[in-house]
Peer 1: 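Sharing a structure below in C-alpha cells format, with a few things to ask.
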Protein chains: 2
Amino acid sequence: MNTNADNPIVSDLPDLPSGNGAGQALLTANATPAFSPLYQQIKTLILKSLQGGEWKPGDVIPSEQDLANRFKVSQGTVRKAIDELAADHLVVRRQGKGTFVATHAERHIQYRFLRLQPDAEQEMSAERHIVECRRLRASAEIARLLGLRSADSVVFVRRVLFFHGTPTILEDVWLPGTPFKGLTLEALSSDKGPMYAFFESEFGVRMVRADEKIKAVGASAEAASLLEIEQGHPLLNVERIAYTYNDVPMELRRGLYRTDSHHYKNELS
Amino acid sequence: MNTNADNPIVSDLPDLPSGNGAGQALLTANATPAFSPLYQQIKTLILKSLQGGEWKPGDVIPSEQDLANRFKVSQGTVRKAIDELAADHLVVRRQGKGTFVATHAERHIQYRFLRLQPDAEQEMSAERHIVECRRLRASAEIARLLGLRSADSVVFVRRVLFFHGTPTILEDVWLPGTPFKGLTLEALSSDKGPMYAFFESEFGVRMVRADEKIKAVGASAEAASLLEIEQGHPLLNVERIAYTYNDVPMELRRGLYRTDSHHYKNELS
DNA sequence: CAGTGGTCTAGACCACCAA
DNA sequence: TGGTGGTCTAGACCACTGC
C-alpha cells in the first residue's frame with residue numbers, strides 16, 4: 001500500500017500529461033504513510049524480472065529507453081533504478097553495449113565472496129578436492145538458518161582447497177534439498193570454475209550477497225588431519241549465509257582457513 | 001591534464017551559453033586521452049575543501065544551489081558529485097536540513113570500523129583501559145606502512161577493551177608523531193567516546209576508510225596475561241591501516257580479539 | 001552508422017525541517 | 001513560510017561499441 005496507487009505503473013491509464021514535472025507528485029499530495037518514489041517501484045519491477053528468470057545471468061537486459069517505454073516513465077527514472085541495481089552488483093553496466101545480469105562466471109567478478117588472500121603477491125593457483133557430497137536431514141539449527149523445517153532434506157558438501165599444493169581451506173556446505181535436487185559429487189568434481197557459477201548454470205540459483213561471522217578457533221582432530229596441521233592450530237572459522245534475490249537464504253557454509261601465509265582481507269568504509 | 005582544460009571551473013570565463021545541453025562536451029570534441037566528467041571535478045574540488053578544513057566534521061556544507069552557483073554548473077551536476085561523497089561516507093545528507101561533513105562523533109555512525117559483535121543480542125557495555133602511551137622511533141616496517149622515514153617519531157598506544165567486565169580486545173596503535181603532537185595517556189584516558197572522534201576534535205584528523213588483514217593466532221604470554229586467558233588461546237589478529245582524506249595513512253593498529261562470545265561480522269555484496 | 005550507456009542542463013514540484 | 005534535499009521529466013549531446 002502506498003501513495004502511488006494510481007501512477008502509470010500500477011494503473012493502466014493510457015497516458016499522463018507529460019512534462020508536468022513531478023508526475024507522481026500530483027497523485028500523492030494528500031498525506032499518506034508510506035511514500036515510495038517511482039524509481040524504487042521500477043527497481044522492484046526489474047528485480048522481479050530478474051528473480052523470475054526473464055533475463056538470466058550474463059544476458060543483456062532491455063535498454064534504458066525500452067524499459068522507460070515499457071513502464072511509461074522517463075529514461076532518467078529507469079536510469080536511477082538501474083543505478084541502484086548496479087550498486088548492489090545485481091547488474092553490470094557496459095557503455096556502448098548494454099546492461100547485463102551479473103554472474104559469478106565473469107572472470108573479473110569470480111570468487112567475489114572469497115576474502116582469503118596470500119600474504120605475498122603470488123598467484124592464487126587453486127586446486128579443489130571434493131571430500132564428500134551426500135543428502136541428509138537438516139538439524140534444527142541448519143533448518144533455522146536456511147529457513148527450512150527440521151528434518152527437511154539438505155545437501156551436504158565437504159571440500160578442501162589447496163593453494164600451491166598446501167591444503168588451506170576446509171569447507172562444509174549445506175544447501176536446501178529442493179532447489180539443488182540432483183547435485184552429485186561427480187558433477188561437483190568434474191566442474192571447473194567457481195562453485196557459485198556452477199549453481200547458476202546448473203540450478204538457476206544466483207547468490208547475491210552473504211553475511212559472514214568470523215571467529216578464531218583451534219583445529220579439531222578431523223580438521224587438523226584434512227588440513228595437515230597439528231591439532232589445536234589456530235584457524236579462522238568463517239560462517240557464511242549466502243542469499244539469492246529477495247534475501248532468501250540459499251546456502252550455509254562453514255570454512256576453516258589456515259592463515260599461516262594467507263589473511264582475510266576486509267575493506268572498511 | 002584533461003580534456004576540460006577550459007571548462008567553467010578551470011577557466012574564468014564569466015558565462016557559458018546556458019541551456020546548451022552537454023556544456024562541457026563542446027569543449028572536448030577532439031579526441032583526448034583522459035576524460036574526466038564535470039561532476040568528478042566538482043567532487044575533487046569539494047574534497048579539497050574538506051581536506052583544507054573549510055568545513056569541519058559536523059558542519060553543514062553550502063547548499064547544492066550555492067555550490068552550483070560557485071562552480072558555475074547546474075544543481076544536478078553538484079548533486080551527482082555530492083551523491084558520490086555521500087556513498088563514500090565523507091558527507092551525510094539530511095533532507096530539509098542540509099549536507100553535513102561526516103564525523104565519528106555521530107551516535108549512529110559511532111564505532112563504524114569496529115566489526116566485533118556479541119554472539120547474543122546483549123548490549124555493548126564497553127569499558128576502556130589505556131595501558132600505556134609513549135613516544136618512540138618508528139621501526140622500518142611501521143615507517144613503511146605509515147609512509148614515514150625509519151626512526152621518525154611515532155606515538156604508541158596500548159589499550160584493553162572490556163565488554164561486561166571481560167577483557168576482550170587488546171589493541172596496539174601507532175600514530176605518526178607530527179600530526180599527533182601532544183597526545184598523552186591522560187588525555188586519552190579522560191576522554192569518553194570513540195577514539196576517532198577524539199582524533200577529530202583534538203587533532204583535526206578524520207579517519208575516512210581502513211583496510212584490515214585478519215589472521216588466527218595463538219595468544220602470546222603477554223596477550224594472555226592482559227586478556228586473562230591461557231597462552232596459546234586462539235585469537236583474531238586484526239591488522240588495520242586507517243586513512244584520512246586522499247588515502248594518506250594515518251594510523252596503524254593491531255587488535256587481538258577474543259572470540260569466545262563475540263564474532264567479527266562482515267557483509268559481502 | 002546506429003544503438004547503448006554516460007553527462008549536463010533547466011525547470012517543476014514534493015517531502016521534510018526550522019523558525 | 002522559506003530553505004534544503006529528493007524526485008521526475010524532457011531534451012541535447014558525448015563516449016563507446018559493433019555492424
Side-chain angles (χ1 to χ4, degrees), chain A residues 2-4 7-9 15-43 60-68 71-86 91-100, chain B residues 2-4 7-9 15-43 60-68 71-86 91-100:
Chain A
N2 74 45
T3 273
N4 319 288
N7 70 23
I9 297 175
D15 249 330
L16 281 187
S18 63
N20 69 331
Q24 91 159 278
L26 296 173
L27 307 163
T28 69
N30 31 356
T32 37
F35 161 77
S36 159
L38 247 191
Y39 75 84
Q40 284 287 2
Q41 303 178 40
I42 305 290
K43 183 183 174 185
V60 209
I61 73 172
S63 73
E64 295 178 353
Q65 194 52 62
D66 285 353
L67 291 170
F71 297 134
K72 298 276 193 295
V73 297
S74 80
Q75 190 198 354
T77 301
V78 169
R79 185 166 188 73
K80 184 147 187 180
I82 294 182
D83 276 346
E84 292 206 351
L85 293 171
V91 119
V92 176
R93 323 189 71 142
R94 287 191 208 142
Q95 186 173 137
K97 298 173 78 172
T99 302
F100 298 76
Chain B
N2 71 46
T3 275
N4 319 291
N7 72 21
I9 297 174
D15 249 330
L16 282 188
S18 63
N20 68 332
Q24 91 160 261
L26 297 173
L27 307 164
T28 68
N30 32 355
T32 37
F35 162 76
S36 160
L38 247 190
Y39 74 86
Q40 283 289 0
Q41 302 177 41
I42 306 289
K43 183 183 174 186
V60 209
I61 72 174
S63 74
E64 296 178 352
Q65 194 53 61
D66 285 353
L67 290 170
F71 297 135
K72 299 274 191 297
V73 298
S74 79
Q75 189 197 357
T77 300
V78 169
R79 185 166 188 74
K80 183 145 187 180
I82 295 181
D83 276 345
E84 293 207 350
L85 293 171
V91 117
V92 176
R93 324 189 71 141
R94 284 190 213 145
Q95 187 173 138
K97 300 175 76 173
T99 301
F100 298 76

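Naming: A, B, ... by sequence-line order, numbering from 1 per chain.
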Peer 1: Using atom CD of B/Gln65 as one end and atom P of D/dG3 as the other, report the distance to the nearest whole Å.
Peer 2: 12 Å
Peer 1: Tell me: CG of A/Asp83 to C1' of C/dG6, nearest whole Å?
Peer 2: 10 Å
Peer 1: Figure out the OH/P separation between A/Tyr39 and D/dG6, and round it to whole Å.
Peer 2: 9 Å
Peer 1: Using whole Å, what does the distance between atom C1' of nucleotide D/dG18 and atom CZ of A/Phe100 come to?
Peer 2: 12 Å
Peer 1: For the residue pair A/Gly98 and A/Val60, what are the closest heavy atoms and their distance?
Peer 2: CA-CG1, 4.2 Å
Peer 1: Is any side-chain heavy atom of A/Ile42 less than 4.5 Å from a side-chain heavy atom of A/Leu67?
Peer 2: no
Peer 1: Judged by atom type as modelled, is there a donor-acceptor pair below 3.5 Å linking the side chain of A/Glu64 to the main-chain atoms of A/Val78?
Peer 2: no
Peer 1: To the nearest 0.5 Å, how far apart are NZ in B/Lys43 and CG in B/Leu38?
Peer 2: 14.5 Å
Peer 1: Suppose we screen for salt bridge (Lys or Arg N to Asp or Glu O under 4.0 Å). Which residues come up paired with B/Asp83, at least two apart in sequence or across chains?
Peer 2: B/Arg93
Peer 1: May I have the distance from B/Gln75 (atom CD) to C/dT7 (atom P), rounded to whole angstrom?
Peer 2: 18 Å
Peer 1: What nucleotide among C/dT7, D/dG5, C/dA10 has an atom nearest to a side-chain atom of B/Ser74?
Peer 2: C/dA10
Peer 1: Provide, to the nearest angstrom, the distance between the CG atom belonging to A/Asp66 and the P atom belonging to C/dA2.
Peer 2: 17 Å
Peer 1: B/Thr77 side chain N/O closer than 4.0 Å to the phosphate oxygens (OP1, OP2) of C/dT9?
Peer 2: yes
Peer 1: Between N or O atoms, less than 3.5 Å apart, protein on one side and nucleotides 16-19 of chain C on the other: list the pairs.
Peer 2:
from: C/dC16; atom 1: O4'; to: B/Gln95; atom 2: OE1; distance (Å): 3.1

Peer 1: So what does B/Arg94 hit on the nucleic acid, given a heavy-atom distance under 4.0 Å: a base, only sugar-phosphate, or nothing?
Peer 2: sugar-phosphate
Peer 1: Roughly, in whole Å, what's the span from CD in B/Gln40 to C1' in C/dG6?
Peer 2: 12 Å
Peer 1: If you only use heavy atoms from C-beta on, which nucleotide in D/dT9, C/dT4, C/dT7 is closest to the side chain of A/Ser63?
Peer 2: C/dT4
Peer 1: Take atom NZ of B/Lys72 and atom P of C/dA10, then tell me their distance rounded to the nearest Å.
Peer 2: 13 Å
Peer 1: Drop me the distance from B/Ser74's OG to B/Lys80's NZ, to the nearest 0.5 angstrom.
Peer 2: 11.5 Å
Peer 1: Any side-chain N or O of A/Thr99 below 4.0 angstrom from OP1/OP2 of C/dG5?
Peer 2: yes
Peer 1: Nearest to the side chain of A/Arg93 - D/dG5, C/dG6, D/dC8?
Peer 2: C/dG6
Peer 1: Just to verify, what does A/Thr99 make a side-chain hydrogen bond (donor to acceptor under 3.5 Å, both in side chains) with, not counting sequence neighbours?
Peer 2: none
